[in-house]
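Written below as structure tokens is the structure these notes are about.
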Amino acid sequence: MDSSPYSPCRLCPRQCGVDRLGGAPGVCGETADLRIASWGPHMGEEPCFTGTRGSGTIFFSGCSCHCFFCQNWQISNAHGLGQTVSAEAFHRLALGLIETGVHNLNFVTPDHFWPHIEALCARLRDDGVKIPLLFNSSGYQLPALVSRYAAQMDIFMPDFKFADPVLARAVMRDERYPEIALEALRLMVAEKGFLDPFDPTGMEPARRGVLVRHLVLPGHVDNTLRVLDLLREEFGRWLPLSLMSQYAPTPAAQPRPPFDRRLGPAEYQAACDRARELGFENLLVQPLAVTDDFLPDFERKKPFKGNP
Ligand code: SF4
């Protein structure tokens, strides 16, 4: 990476090339000013990360994906919520979060602010911080940067959203998502291996490795079945996989059926059945009736009702 990775910015597959240092936002919606929307111990991640004391989440403003149904839409859309934070304040915030006793530091949608995060992680290691650092992402990562991410991060938790390029195009305006996400995932697994330990009870939180998330979408179970087939073929049955049922329609999704409704029980059941048929051994599933406790409202001081 050159000395001004924000200018021109090519930090993600969008490859905007805009001058973020000069104040121009890219597709991610963000200039080179670090913006953070929320942070705190979070009990709503998978048990492997939440453990007993929570995951230390830091939610960044903006996103390069821009899926119209994003549950974090209040912060991920252009000009979304968030406050500008200096490098010093970022460091203090991270140390304060670690002091709460969280099991890991969880950087949510970190790629478009990677230069800030990379510098912070190096500083935290110099401080003697030992807890795992977790890269929590959309899967839409630039493969060329995965080794840089891996030099700082212990855990990768990427989504694998779409195997269907037409669906990817419709949702996030890039039909290349399946190939880009698959290549990034291959590199993440090559760097860190599978999640270790994988403890679905959360009694032994994960230290390193990769877990993949997939959100089943209403009306698009075929996409999910293709995702599962692809992941099984590429990575085998031991790939740690979180199959999520928690889709909830956002305002932008309301006029776009079938995204205007929750997932049906039969749809989620079909997804779980296929995952089990394929023999995934390290599989996490959710209840069919998910509560709203971990659907965020970033207008609130505490966005997640389920957090203490
Ligand atoms: S990080 Fe933002 S500005 Fe940079 S290439 Fe991606 S979308 Fe464009």
Side-chain angles (χ1 to χ4, degrees), residues 1-38 57-87 90 106-122 133-153 156-162 165 167-185 187-188 250 252 298:
M1 198 178 293
D2 60 36
S3 58
S4 298
Y6 288 123
S7 186
C9 182
R10 302 194 190 284
L11 285 168
C12 85
R14 299 285 185 194
Q15 296 287 288
C16 301
V18 297
D19 177 12
R20 292 174 64 187
L21 273 181
V27 172
C28 57
E30 298 299 311
T31 69
D33 291 335
L34 177 68
R35 287 203 314 139
I36 294 177
S38 178
T57 45
I58 303 174
F59 289 84
F60 298 96
S61 304
C63 179
S64 57
C65 253
H66 283 313
C67 300
F68 65 76
F69 55 66
C70 178
Q71 72 170 25
N72 296 344
W73 61 278
Q74 293 158 305
I75 65 171
S76 61
N77 286 343
H79 315 302
L81 301 172
Q83 57 181 283
T84 302
V85 173
S86 69
F90 191 25
N106 183 339
F107 298 89
V108 186
T109 320
D111 33 346
H112 59 291
F113 282 125
W114 177 248
H116 281 92
I117 295 166
E118 184 176 48
L120 173 79
C121 292
L133 305 180
L134 192 164
F135 191 97
N136 180 347
S137 71
S138 63
Y140 186 60
Q141 270 71 67
L142 205 57
L145 285 180
V146 169
S147 63
R148 289 196 75 112
Y149 302 151
Q152 303 297 337
M153 295 287 159
F156 286 112
M157 182 168 54
D159 292 332
F160 198 97
K161 297 170 187 282
F162 314 112
L167 182 60
R169 171 99 201 143
V171 171
M172 56 167 287
R173 292 176 293 124
D174 194 343
E175 65 281 1
R176 302 171 304 157
Y177 178 95
E179 61 187 272
I180 290 171
L182 186 60
E183 181 57 14
L185 181 53
L187 294 167
M188 290 174 187
T250 60
F298 288 96

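Both ligands and their constituent atoms are indexed starting at 1 by order of listing.
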Within the 4.0 Å heavy-atom cut-off, what Arg20 brings close to ligand 1 is side chain
To the closest 0.5 Å, what do you measure between CG (Asn72) and CG (Leu81)? 11.0 Å
Nearest 0.5 Å, please: how far is CG in Asp19 from OG1 in Thr31?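 One gets 10.0 Å once the value is rounded to the nearest 0.5 Å.
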Do any of the N, O or S atoms of His112 sit under 2.8 Å from atom 6 (Fe) of ligand 1?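 It does not; every qualifying atom lies at 2.8 Å or beyond.
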Note the single closest protein heavy atom to [atom], along with its residue, its atom name and the distance in Å.
atom: atom 8 (Fe) of ligand 1; value: Cys16 SG, 2.3 Å
atom: atom 6 (Fe) of ligand 1; value: Cys12 SG, 2.3 Å
atom: atom 4 (Fe) of ligand 1; value: Cys9 SG, 2.2 Å

Quick check against the 3.5 Å criterion: does Gln141 have a side-chain atom that pairs as donor or acceptor with the backbone of Gly139? yes
Output the list of atoms in ligand 1 that are nearer than 4.0 Å to some heavy atom of Gln15, sorted by atom number.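 In order of number, 5 (S).
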In ligand 1, which numbered atoms sit nearer than 4.0 Å to a non-hydrogen atom of Gly26? 3 (S)
I need the single residue from Phe60, Tyr149, Phe107 that forms a ring-ring contact (aromatic ring centres under 6.0 Å, His included) with Phe135. Which is it?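 Testing each of Phe60, Tyr149, Phe107 against Phe135, the sole residue satisfying ring-ring contact (aromatic ring centres under 6.0 Å, His included) is Tyr149.
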Please examine the side chains of Trp114 and Tyr6, heavy atoms only from C-beta on, and report whether any two atoms are closer than 4.5 Å. no
Output yes if Cys28 passes the N/O/S-under-2.8 Å test against atom 4 (Fe) of ligand 1; output no otherwise.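 No.
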Is it the case that His66 and Tyr140 place a side-chain donor and acceptor less than 3.5 Å from each other?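 No pair is found: no donor N or O on one side chain lies under 3.5 Å from an acceptor on the other.
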